[in-house]
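Contents: one structure, followed by commentary.
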Amino acid sequence: MAISALDVTLEAGAAIAGVVGETLARGADAVRPVARWLTREPMAPVTTPIAGWLSGLSRRGEARRAALRRELDRLLDALVPEIVDALLDRVDITAVIQDRVDLDAVVAGVDVEAVVAGVDVNRVARRIDLDDAAARLDVDAIIRRVDLDAIVDRLELARLAEQVIDDVDLPEIIRESTGAVASETVQTMRLRGVAADDVVGRAVDRLLRRSGRRPLQDRAPGSGPRPADGPFAGPASGTLQRHGDDPVPP
Amino acid sequence: MSPRHVSPIPREARVFQGAPAGVASRCVAAVIDVLVVALVVLTLYGAYTAARFVIDPLGFTFPRAALLLSLSTALLVLVVYLAASWTFTGRTYGCHIMGLRVVSASGRRLRPLAAGVRAGRCVVVPIGLFWCAVSRRRRSLQDVLLGTAVVYDWQPVTPDESP
C-alpha cells in the first residue's frame, strides 16, 4: 500500500488541531467556574489585577482577530476573482446553463407587460431612418398592387367634371373666346340695370322711411305668388332656378 | 340632392337670378319694346307702301294715315307683340336684352288669356309700371291685378313647362 506523505501530514495536522481544540474547549469549561469564584466579591482585591491583565489580553486578542479578519478579506478579494476566472476558463457556462437551467421557466417568470410598458416607443421610432426605409421601397410594385379601377369606379366623374367646369367658369371662357362684343354689351347693360334697380329701391325706401330692403338673394316670395312655387321657386317647381346658393358638392 | 349642372349664367348674376326686377330694368325693356314695335309699324307701313306701288306704280302716292289710325295700329301691334311674346317665350325682345321674364304666380309662363289681358292693361295704363318702384316686391299695377311678376332671368333657354 502506497503511503502518501502529504496525506499523512494532512491527517496528522487535522488530528492535532482537533485535539488542541478539544483541549481548549474543555479547559475553558473547567476554568469558567474557577473564574467565577475568583471574581466574586471577597476575592476581588486579589483577583482584580489578574482580571485586568486577562481583560487586556482579551482586548488585544479581539483586535488581533479583527486584523486577521481584515487581512483575510483582503486576501480573499485578491484571490477569489482569480480563482473564479480560472474556474470559468475551465467551465463552459453556456453549456452549464443550457443543460442545467430551465430557461422556459425563467422566461415565464418575466413580466413582459411591465417591460413593454417601460419602453419609450417614440424614442425607438425616432431612431428609425424613414428616408432610408422609403428609399428601399419599390413604389412601382406597390402601385401595381393597387386596384385603380375600383378607385375610379368610386369617383363620381360626372360631378367632378361639372365642378371643374364650374370652378374654371367655362361658360365665361367661351363667352370671352367667341369675342362677341354684343353679348358683353348686353351683359353690361343687364348688370347696370340691376344696379340701378337697387339704387332706386334704396332711395324709395329712404324716401318712404321704410326699413331696409332685404338683399336680393334673401327676398322671399310675396303674398301674391305662393311661397312654395312663386317666381322665386327653386328646382322643385322646375321653372326658374336660384343660382346664388348652389350647394357645394361633396 | 339634385344633380349639379354647369350654369351658363355668369357668376355675378347668379345671386339675383329669379329675384323680382326693378323699375329701371323694366323701363329700359319697355323702351326697347316700343322701339321694336315702332320698327314693326314702319315695316308694315313700308310694306303697304310697296304693295301700293306695285299695284299702281303710275298713280302711286305715299299713303297718308290719320293719326288715330296710326296710333291705333301701333297700339294693336304692341298688344299683340306683348301678348304673343309673353305667351310663347315669357319675354319680349326688350326683356330678352335686359334679362327679364314675365311669369305667373306659380312661376310659369302666362296663359294666352292672361298675357292678352296684361298686354292690354300695360298699353292702356303704362304708368302702372312705375308702381314697381314703390312696391316692396317690385310689382307693377298690372302685376298686382293679375298676380304676375317680372323677374331677372339670365338663362338663355325658356322653361320647359307649358303654361
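Computed from a prediction, not measured in an experiment: that's the story for all the values here. A, B, ... follow the sequence lines: proteins, then strands. Residue 1 opens every chain.
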Ignoring hydrogens, what is the shortest heavy-atom contact between [X] and [Y]? Give both atom names and the distance.
X      : Y      : result
B:H96  : A:R190 : O-NH2, 2.5 Å
A:L208 : B:V134 : CD1-CG1, 3.9 Å
A:A196 : B:A24  : CB-CB, 3.5 Å
B:I32  : A:M189 : CD1-CE, 4.4 Å

B:V23 portion near chain A, given a 4.5 angstrom heavy-atom threshold: both
Quick one: are A:D198 and B:F16 in side-chain contact, heavy atoms under 4.5 Å? no
Scan residues 18-59 of chain B for pairs that pass ring pair (Phe, Tyr, Trp, His ring centres under 6.0 Å), counting only residues two or more places apart or in two chains. B:F53-B:F60
Return yes when atom CD1 of B:I127 has more than 12 non-hydrogen atoms of other residues, nucleotides or ligands closer than 6.0 Å, and no otherwise. no
Should we say atom CZ of A:R192 is surrounded by more than 12 heavy atoms from elsewhere, each under 6.0 Å from it? no
Measuring from atom CG of A:D197 to atom CZ of B:R26, what distance do you get when rounded to the nearest 0.5 angstrom? 9.5 Å
